[in-house]
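A, B, ... follow the sequence lines: proteins, then strands. Residue 1 opens every chain.
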Number of protein chains: 4
Amino acid sequence: MGEDKKEGIIEAALKLFEEQGYHNTKVSDIVREAGVAQGTFYLYFKSKEDLFRSIAESCLDEMAVAIKRNCSGSVKEESFYRMMLETLEVYYDNKSILKILNRHGAASSEIEDISNAFYRRIMLVIKQSLMEWGAFPNYSEAQLEVAAYSKIGMVEMVAYQYFIVQHYDKSHIEAIAQVLAGSKAQCPPKPTDVVDE
Amino acid sequence: MGEDKKEGIIEAALKLFEEQGYHNTKVSDIVREAGVAQGTFYLYFKSKEDLFRSIAESCLDEMAVAIKRNCSGSVKEESFYRMMLETLEVYYDNKSILKILNRHGAASSEIEDISNAFYRRIMLVIKQSLMEWGAFPNYSEAQLEVAAYSKIGMVEMVAYQYFIVQHYDKSHIEAIAQVLAGSKAQCPPKPTDVVDE
Amino acid sequence: MGEDKKEGIIEAALKLFEEQGYHNTKVSDIVREAGVAQGTFYLYFKSKEDLFRSIAESCLDEMAVAIKRNCSGSVKEESFYRMMLETLEVYYDNKSILKILNRHGAASSEIEDISNAFYRRIMLVIKQSLMEWGAFPNYSEAQLEVAAYSKIGMVEMVAYQYFIVQHYDKSHIEAIAQVLAGSKAQCPPKPTDVVDE
Amino acid sequence: MGEDKKEGIIEAALKLFEEQGYHNTKVSDIVREAGVAQGTFYLYFKSKEDLFRSIAESCLDEMAVAIKRNCSGSVKEESFYRMMLETLEVYYDNKSILKILNRHGAASSEIEDISNAFYRRIMLVIKQSLMEWGAFPNYSEAQLEVAAYSKIGMVEMVAYQYFIVQHYDKSHIEAIAQVLAGSKAQCPPKPTDVVDE
DNA sequence: AATGAATGAGCGTTCATTCAT
DNA sequence: TATGAATGAACGCTCATTCAT
């Protein structure tokens, strides 16, 4: 039953942080949303920032694990397209944390560190794949890292622009991945029922 | 004379926002740093957020103008490399605002809108260039937009990782641009005196 | 068996109150120290203050009884010296409660009343003795009371200064009592290994 | 005008601390009593405890100065009687702080230190006088210190019992001092209009 | 224009107490 | 009797903003 409450607090916080950002969300908002008392919050988290750190940590870890699982070892023909696709899907599934961190910032240097560690982790996965594929045979390690970071940047920016700013749903992922992979497949036009706000 | 004070406040704020973020910087910090009185702040800015908006607006506008100037019309051989290089340089010169927005977030939906408008503006510049170059002759408008956003994502991520997280100086810009442009030139090894923290 | 737990709580509280004072000691500290659950506390005490009252009451009562026993009826030569000595010993043996009340206060008017009643009780014992000894044959009742209170003040201040502030051990009690009694016996020099802090 | 507010806060705090004790007095009580805003409090004091420390420090310092001024150098016939009288008067005039510290405790180890330093300071003044008077020619330094502390204890206890618990007014000071000095003068009976509570 | 003392709404956190098991 | 998760009222403190000078 205790873990139920903890889960409820995390879910409430995730929702509110996404909607209004970390600084605009009060602990009182979170506990009201979660249906628990003010004091209950502090049974499970040392502080509001501790909650955020905990959420960021677990979400980013989950993302890193998923990306690693999806992107490693697949040395097939369309490898790069698949990597983009799988990574986009992970970003889609975790757009809450993406939105929170991108729109509202890290809120503390500890969370910043966690975020930076996340990027480094993904970068290493991608660098590893690039090496295994022999994609850039004459690149140095340092160059491969730049290339890997640039792939992350591509995915993150389009994920942010299309999933968050423009509210695209999952049906466009493949078309977007094809563009990122350099393929020429048709990218469907922006749906008319989805308006930028 | 009044404009001197306004400039002083802006500079102080830019410095402090970069060092500690928007939410950790108090108006009292800004006026102390600027050497003016508390009340003077409100002669020039409606609120703390108004100051941030004003800073974000002008910095991003400056960046957009610089990128447009540097990236438009240059239909030469190494066009894409030049675009990456020029854009990286603009990012380097404006790494303060980049750091503030990436690390600490937008702090209000108005600033978010400004930020999104900035990306859209840059995207249009790049899309225009891609069209002029005939880089992707059979891409639809929508696909070109995805491609353009992905370029911005590349630049922004590497600019963040190398200029901000790893404190690279300007001397590495060309090498990084070459990787982003897909060139094979040697990327200089990470300087030993610069450590990731 | 329940009384074991009650005793444990009282001992834990006495220890913690002495170390950190009443206000700095949480009920959760006490139950942790006593090794019982939070709720158990309220089986034995109405409230945290009720516990303190209970402790103060029983300690002060014990002291009053001891002082009365030691100081009454002994109409011998060195009467006054013996009174000072015996009282100092009682204070020494109860320096915990002395420290709590002197350093950290009464914490409620009820406890204040208990403390005041204690002093009045001791005062009456001493007044009685003074009368029996004929120490101040021409003093009025009121004057004897002032004299009695002044004796208590003497003992309490030196007990506080030497037993609590300066951590003197029992071996100096006689020397101190001699000074209080106006005797000329040698007061041993302050031990060098005990430093005022 | 700023110092007016600071004074107002100090006076309000002194009054409320005396009436209800440090822990029962909220900052909101103090500012309401002083007629200033909540934030104004923190213009003049770092914290609630800082205010208490500041009050304790200045009151005790004032007392120490007054006692030293009154008790030093007067090597006349009735020296000891005068010392008791003057000291009682200082205690009477500062019964607020006496009441606060005795009834409600020191509230922090820093304030405890200030209090202990006060006692030591007074003790040294009294010891000095005892030496100058040749009151105890064959006492060691250590014995003189015990004697000095015992004098302070006498005064403090009777001051507490008569000025605070029993609300005696200034008219009884001389009679009390005579008893403390060992004189035989008549101590007036307890006034009937003043009741112990 | 410039000042800086004053404001007060608002928030994160604590902790004595309760109650279902 | 014993537990310990849950409660919620209460408080110290912050800081963006105002305004009399």
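- To the nearest angstrom, P of dA2(F) lies 12 Å from NZ of Lys6(C).
- We find that CZ of Phe45(D) is positioned 16 Å from C1' of dG12(F), with the value rounded to whole Å.
- Computed from coordinates, the Asn24(C) CG to dT14(E) P distance equals 14 Å when rounded to whole Å.
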Indicate for each nucleotide in nucleotides 16-21 of chain F, in 5' to 3' sequence, whether protein heavy atoms under 4.0 Å reach the base (B), only the sugar-phosphate (S), or nothing (-).
SBB---
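- When each of dA1(E), dT3(F), dA5(F) is scored by its nearest atom to the side-chain atoms of Tyr44(A), the top-ranked nucleotide is dA5(F).
- As a whole-Å value, the separation of Glu3(B) CD from dA2(E) P is 10 Å.
- Where Tyr22(A) and Gly35(B) each meet DNA chain E at their nearest nucleotide, the meeting point lying more 5' is that of Gly35(B).
- In this structure Asp61(B) satisfies the side-chain hydrogen bond (donor to acceptor under 3.5 Å, both in side chains) test together with Arg121(B), sequence neighbours excluded.
- Helical stems in DNA chain E, defined as runs of 3 or more consecutive Watson-Crick or G-U wobble pairs with both donor-acceptor distances under 3.5 Å, are listed by first residue as E:2-21 with F:2-21.
- Each of Leu43(A) and Leu43(C) was assigned the nucleotide of DNA chain F with the nearest heavy atom; the assignment lying further toward the 5' end belongs to Leu43(C).
- For the side chain to side chain contact (heavy atoms under 4.5 Å, CB included) test, residues two or more places apart in sequence or in another chain that qualify with Asn102(B) are Leu98(B), Glu156(B), Tyr160(B).
- Every residue meeting the side chain to side chain contact (heavy atoms under 4.5 Å, CB included) condition with Glu19(D), not counting sequence neighbours, appears here in chain and number order: Lys15(D), Leu16(D).
- Under the rule for a side chain to side chain contact (heavy atoms under 4.5 Å, CB included), the partners of Glu62(A) that lie at least two apart in sequence or sit in another chain are Asn94(A).
- Glu49(C) meets the salt bridge (charged side-chain N to carboxylate O under 4.0 Å, His left out) test with no other residue; sequence neighbours excluded.
- Closest to the side chain of Thr40(D), from the set dT7(E), dT7(F), dT3(F), is dT7(E).
- Applying the ring-ring contact (aromatic ring centres under 6.0 Å, His included) test to every pair with at least one member in residues 96-119 of chain A, sequence neighbours left out, gives no pairs at all.
- At least one test fails for Lys48(D) against the ring of Tyr42(D): distance under 6.0 Å to the centre or angle within 45° of the axis.
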Exercise answer: donor-acceptor pairs, residues 51-58 of chain C side-chain atoms, under 3.5 Å, sequence neighbours excluded:
| unit_1 | atom_1 | unit_2 | atom_2 | d |
| --- | --- | --- | --- | --- |
| Arg53(C) | NH1 | Glu57(C) | OE1 | 2.6 |
| Arg53(C) | NH2 | Asp50(C) | OD1 | 2.4 |
| Ser58(C) | OG | Ser54(C) | O | 3.4 |
| Ser58(C) | OG | Ile55(C) | O | 3.3 |

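- Ile111(C) places none of its side-chain heavy atoms less than 4.5 Å from the side chain of Tyr22(C).
- If you measure from atom CG of Asp4(B) to atom C1' of dA1(E), you get 13 Å, rounded to the nearest angstrom.
- Distance, Leu16(A) CG to dG12(E) P: 12 Å, rounded to whole Å.
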